[in-house]
Number of protein chains: 2
Amino acid sequence: MNKRDLIDAISGRLGDKKSATEAVNAVLETIQTAVASGDKVAITGFGVFEKAERPARTARNPATGATIQVPESSVPKFRPGADFKALVNGEKGAPAKAGSRKK
Amino acid sequence: MNKRDLIDAISGRLGDKKSATEAVNAVLETIQTAVASGDKVAITGFGVFEKAERPARTARNPATGATIQVPESSVPKFRPGADFKALVNGEKGAPAKAGSRKK
DNA sequence: TGAATAATGAACAAGCGTGATCTGATCGAT
DNA sequence: ATCGATCAGATCACGCTTGTTCATTATTCA
């Protein structure tokens, strides 16, 4: 599924494809900007987008076999939430219901 | 940043907080459903949400220290895209602009 | 109010990084 | 809405590194 299909699927809920496109872009860009700013986006039930700062480490260039030093690189990290994982495991049928407590 | 802040930030772009709430929920739920269905959501520039099926493996219970067998668990996997990583690294200033080709 | 998230701890296993290329995706034009 | 051009993404490889998972409790989010 690509972005077009995603927008098309959402347009069925928002009613308009143009609005869906704007909505998707707004959400994605907002998350990107927030994570880039260092603020982690914690969404209960979905997951957490956070900026993971990785220190320099020793990697290797498989083409040459030479060990190279990789500088600090901040990469976006996503940790799926409980509902998301449960949904993928097939334990639930619909998201955002949160009414099933298996404890 | 929580979901409230995210919605608030998006409402500044869509103009309405209610629309922003619907948009965020629609996007997130759609992604969850798609990933749960096995279809990976590939969005160029942002990342790829896909369903990673991990086979059973041996884990440990930190409370008791006993090794236990974990059954197959399908967890959602997110792989950040090039633009997202570049943005987090501070190489770019704004997402979805795609006008900066450094190549 | 109710429920989800964060942190801890240790061992196992997979990932990562560079880099070119092909395919797929995305954006714009008609 | 569809077609076309352009660009991002995946792959493969080797050796070291990091991540990940389990469970419990308090706090904070919805």
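Residue numbers start from 1 in every chain, and the chains themselves are labelled A, B, ... in the order their sequence lines are given, proteins ahead of strands.
Considering only heavy atoms from C-beta on, A:Val27 comes within 4.5 Å of B:Ile10 through its side chain. Between A:Ile43 and B:Asn2, the closest side-chain pair of non-hydrogen atoms is not below 4.5 Å.
Rounded to whole Å, the distance from NZ on B:Lys85 to P on C:dT18 is 9 Å. In this structure, A:Lys40 places its NZ atom 11 Å from C1' of C:dA7, rounding to the nearest Å. In this structure, the CD atom of A:Glu50 is 13 Å from the P atom of C:dT5, given to the nearest Å. At whole-Å resolution of the value, CD in A:Gln69 and C1' in C:dT18 are 15 Å apart. Rounded to whole Å, the distance from CZ on B:Phe46 to C1' on C:dT26 is 16 Å. Rounded to whole Å, the distance from CG on A:Leu28 to C1' on D:dA8 is 16 Å. One can place CG of A:Leu6 at 12 Å from P of C:dC27, the figure rounded to the nearest angstrom. Across the protein-nucleic acid pair, B:Phe49 atom CZ and C:dA25 atom C1' stand 17 Å apart, rounded to whole Å.
Considering every non-hydrogen atom in both A:Thr44 and B:Lys3, the closest pair reads O-NZ, 4.5 Å. A:Lys51 and B:Val88 make their closest contact through CG-CG1, 3.7 Å (heavy atoms, listed as atom of the first residue, atom of the second, distance). Here the closest heavy-atom approach between residue A:Ala20 and residue A:Leu14 is recorded as CA-CD1, 3.9 Å. The shortest heavy-atom contact between A:Gly45 and A:Asp83 is O-CB, 3.2 Å.
Residue A:Ile68 places its side chain closer to C:dT18 than to any other of D:dG9, C:dT5, C:dT18.
Between B:Val75 and A:Ala59, the residue anchored nearer the 5' end of DNA chain D, judged by the nucleotide with its closest heavy atom, is A:Ala59. Between A:Gly45 and B:Arg79, the residue anchored nearer the 5' end of DNA chain C, judged by the nucleotide with its closest heavy atom, is A:Gly45.
Aromatic pair B:Phe46/B:Phe78: centroids less than 6.0 angstrom apart.
Within 6.0 Å of the NZ atom in B:Lys40, the count of heavy atoms belonging to other residues, nucleotides or ligands does not exceed 12.
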Polar pairs (N or O, both sides) under 3.5 Å between protein and nucleotides 28-30 of chain D?
residue	atom	partner	partner atom	Å
D:dA30	OP1	B:Lys3	N	3.1

Between the protein and nucleotides 16-19 of chain D, list every N/O to N/O distance that falls short of 3.5 Å.
none

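Ionic pairing of B:Arg13 and A:Glu22 is not present here: no N-O contact between side-chain nitrogen and carboxylate oxygen is shorter than 4.0 angstrom.
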